[in-house]
2 protein chains.
Amino acid sequence: MPYDPSAFPPFAVTVDLVVLTVRRHALCALAVRRGEPPFQGRWALPGGFVRDDEDLSQAAARELAEETGLRAHGPAAPDQDNGAHLEQLATYGDPKRDPRMRVVSVAHLALAPDLPAPRAGGDASNARWAPVEELLQQGGYGRDGEPVAPLAFDHAQILADGVERARSKIEYSSLATAFCPTEFTVGELRRVYEAVWGVALDPRNFHRKVTGTPGFLVPTGGTTTRQGGRPAQLFRAGGATLLNPPMLRPEV
Amino acid sequence: MPYDPSAFPPFAVTVDLVVLTVRRHALCALAVRRGEPPFQGRWALPGGFVRDDEDLSQAAARELAEETGLRAHGPAAPDQDNGAHLEQLATYGDPKRDPRMRVVSVAHLALAPDLPAPRAGGDASNARWAPVEELLQQGGYGRDGEPVAPLAFDHAQILADGVERARSKIEYSSLATAFCPTEFTVGELRRVYEAVWGVALDPRNFHRKVTGTPGFLVPTGGTTTRQGGRPAQLFRAGGATLLNPPMLRPEV
DNA sequence: GATCATAGTCGTCTTCCTGACGATAAACAC
DNA sequence: GTGTTTATCGTCAGGAAGACGACTATGATC
């Protein structure tokens with residue numbers, strides 16, 4: 001693949017990942033600790049260089065597998081396996097976003113169920129699920145009272161954009177099911193919405209809405225009591241990807 | 001800005017523009033004729049290399065100004081001047097999308113009122129507004145009976161994605177006003193929706209909807225009869241950017 | 001084992017929004 | 001004036017959502 005380097009400025013192209021999940025009623029993102037400068041020791045989004053023969057989505061899927069072990073499927077594919085939803089988010093190319101050189105980062109958004117434990121090259125201390133609220137508060141203090149350093153590079157902005165994308169997209173699509181295991185209850189799905197939006201939803205109206213939307217949920221016949229209380233029906237994600245009319249996010 | 005070329009594969013980064021407008025009741029996109037290989041003589045989306053000191057949005061705004069003379073304003077800025085709306089669309093990086101070398105293109109979407117005549121370096125024959133329907137039909141025949149060559153590179157895909165973005169975004173935002181001049185009537189705005197969606201809307205329900213949504217339209221006090229018939233009130237775009245509840249796109 | 005707490009599920013009622021469509025208003029062409 | 005075109009207001013029925021009451025089926029507690 002010959003080219004004339006004088007004809008255009010050379011760029012490094014990376015993919016960065018906003019991997020979201022819901023743990024303990026909170027929206028969490030995967031963060032990895034940087035092992036080398038710049039921003040050594042700081043938390044950052046997982047990511048890496050795009051290889052010479054890779055498409056952008058391939059690179060993102062590869063990084064996702066390396067960091068979490070999750071297989072990815074695109075926005076169009078159904079939620080058959082236990083993989084994560086993966087889609088392109090946006091591209092960030094400020095000339096000064098990386099002090100070393102000109103780097104353009106194609107950010108991707110991944111939504112995963114709670115199950116997997118993070119693994120960054122097998123070193124658990126260098127990867128963690130952190131509440132997005134905690135990752136986004138600049139210069140504040142975490143739950144343990146330790147001062148919180150902001151994310152490396154422009155990753156706070158990328159994370160914020162990814163969270164906003166997720167928040168708006170579960171309104172009009174069935175994407176919230178990507179946060180759930182293969183089989184789940186209406187209540188578990190509702191808790192996903194509540195965690196992502198940070199609001200409380202009326203269980204009765206929510207139940208009516210999701211069970212009344214054709215193609216959204218398919219009953220599996222089983223029930224579970226894992227949430228306590230009366231046994232709940234188990235559902236699988238249906239074929240519908242678009243919700244019409246959408247799920248309404250409460251105002252304030 | 002030193003870097004080690006062996007540490008990562010070098011990429012060329014370009015911006016491509018999907019510039020949409022509404023002319024004669026049809027959604028049209030700006031196309032330029034390629035003057036050199038590959039795809040010499042074929043129509044393509046305007047675009048170019050990102051410069052070494054430019055942000056991506058700056059590069060897109062520069063290309064837009066070069067091709068159309070339009071000033072751009074971002075998604076957040078109000079529609080004060082006569083500029084065009086400009087936002088990032090998506091990034092395309094298939095390893096084989098450009099036969100010469102590895103090129104990653106950050107596509108942007110611009111929405112402009114009808115006014116400007118295209119100018120590609122002053123040569124009008126090398127730039128034109130074409131109905132998107134015509135640009136997207138692969139291997140068909142245009143209105144003049146001439147065979148239509150598909151757009152260069154993956155630009156048909158990019159254009160299709162841009163059109164889809166515009167179609168969905170005018171549902172829940174006030175973005176349709178970006179297709180209108182500073183002052184416009186309800187009927188003109190309705191014709192924008194009809195052209196972008198390719199459907200007919202009920203004038204009475206549309207009028208009730210847009211005038212009843214707070215912050216969407218601000219009456220200027222003037223009237224016009226430029227559409228014929230009874231004089232219509234003139235409006236300016238209001239401060240509201242999000243439409244809640246959204247404008248509903250008819251099914252079928 | 002009765003009681004309680006918890007979560008799930010079904011209904012009702014009111015309100016808001018939309019789609020369908022009738023009716024009137026104000027310009028222009030002839 | 002008559003007809004045509006576009007704008008604007010009004011009415012009505014149907015659907016969806018928010019608020020909330022009521023009942024059900026578990027496990028936990030006394």
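Numbered from 1 within each chain, the chains take letters A, B, ... in sequence-line order.
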Check this for me, if you would: do B:E164 and B:K169 make a salt bridge, where the nitrogen-to-carboxylate-oxygen distance has to be below 4.0 angstrom?
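Not counted as a salt bridge, because no side-chain N and carboxylate O are separated by less than 4.0 Å.
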
Report yes or no: does A:R71 contribute a side-chain atom to a donor-acceptor pair with the main-chain N or O of A:A84 at less than 3.5 Å?
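Judged by distance alone, no pair lies under 3.5 Å.
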
Are A:R24 and A:W129 in a cation-pi contact, defined as NZ or CZ under 6.0 Å from the six-membered ring centre and within 45° of the axis?
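Judged by the rule, A:R24 and A:W129 form no cation-pi pair.
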
Just how far is it from atom CZ of B:R208 to atom OG1 of B:T213, taken to the nearest 0.5 Å?
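Between atom CZ of B:R208 and atom OG1 of B:T213 there are 10.5 Å.
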
Which pair of non-hydrogen atoms, one from B:H85 and one from B:E87, has the smallest distance, and what is that distance?
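Scanning both residues, the minimum pair turns out to be NE2-OE1, 2.8 Å.
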
DNA chain C: B:P231 or B:R249, which has the more 5' nearest nucleotide?
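In this pair, the answer is B:R249.
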
Roughly, in whole Å, what's the span from [atom1] in [X] to [atom2] in [N]?
{"X": "A:L201", "N": "C:dG8", "atom1": "CG", "atom2": "P", "answer": "13 Å"}
{"X": "A:L248", "N": "C:dC17", "atom1": "CG", "atom2": "P", "answer": "11 Å"}
{"X": "B:R230", "N": "C:dA26", "atom1": "CZ", "atom2": "P", "answer": "6 Å"}
{"X": "A:D202", "N": "C:dT9", "atom1": "CG", "atom2": "P", "answer": "14 Å"}
{"X": "A:N205", "N": "C:dA7", "atom1": "CG", "atom2": "C1'", "answer": "16 Å"}
{"X": "A:R190", "N": "C:dT6", "atom1": "CZ", "atom2": "P", "answer": "14 Å"}
{"X": "A:H25", "N": "C:dA7", "atom1": "NE2", "atom2": "C1'", "answer": "12 Å"}
{"X": "A:R226", "N": "C:dT6", "atom1": "CZ", "atom2": "C1'", "answer": "16 Å"}

Where chain B begins and ends its contact with DNA chain D, read 5' to 3' at 4.0 Å from heavy atoms:
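Boundary nucleotides touching chain B, in 5' to 3' order, are D:dT5 to D:dT11.
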
Going by heavy atoms closer than 4.0 Å, what residues in residues 207-220 of chain B are next to DNA chain D?
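Here the set is B:H207, B:R208.
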
Check B:T185, B:V218, B:T223 against B:L234 for a side chain to side chain contact (heavy atoms under 4.5 Å, CB included) and give me the one that passes.
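When B:T185, B:V218, B:T223 are each tested with B:L234, the side chain to side chain contact (heavy atoms under 4.5 Å, CB included) holds only for B:T185.
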
Name of the residue among B:T220, B:L217, B:V192 meeting side chain to side chain contact (heavy atoms under 4.5 Å, CB included) with B:F184:
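Going through the options one by one, the only one that passes is B:L217.
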
I'd like to know whether B:L20 forms a side chain to side chain contact (heavy atoms under 4.5 Å, CB included) with B:F179, so could you lay out the CA-CA distance, the side-chain angles of the two residues, the decisive distance to 0.1 Å, and finally the verdict.
CA-CA 8 Å; B:L20 299 179; B:F179 286 114; 3.9 Å; yes

For the side chain of B:R204, counting heavy atoms from C-beta on, which of C:dT24, C:dA7, C:dC21 is nearest?
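Among C:dT24, C:dA7, C:dC21, the one nearest the side chain of B:R204 is C:dC21.
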
Proximity to the side chain of A:R191 - top-ranked nucleotide from C:dG19, C:dG8, C:dA27
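The nucleotide sitting nearest to the side chain is C:dG8.
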
Under 6.0 Å from the CZ atom of A:R236, do we count more than 12 heavy atoms belonging to anything else shown?
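Not more than 12 within 6.0 Å, no.
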
Let me spell it out: for each of B:Q233 and A:P245, pick the nucleotide of DNA chain D with the closest heavy atom. Which residue's pick is nearer the 5' end?
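Looking at the nearest nucleotide for each, B:Q233 comes out on the 5' side.
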
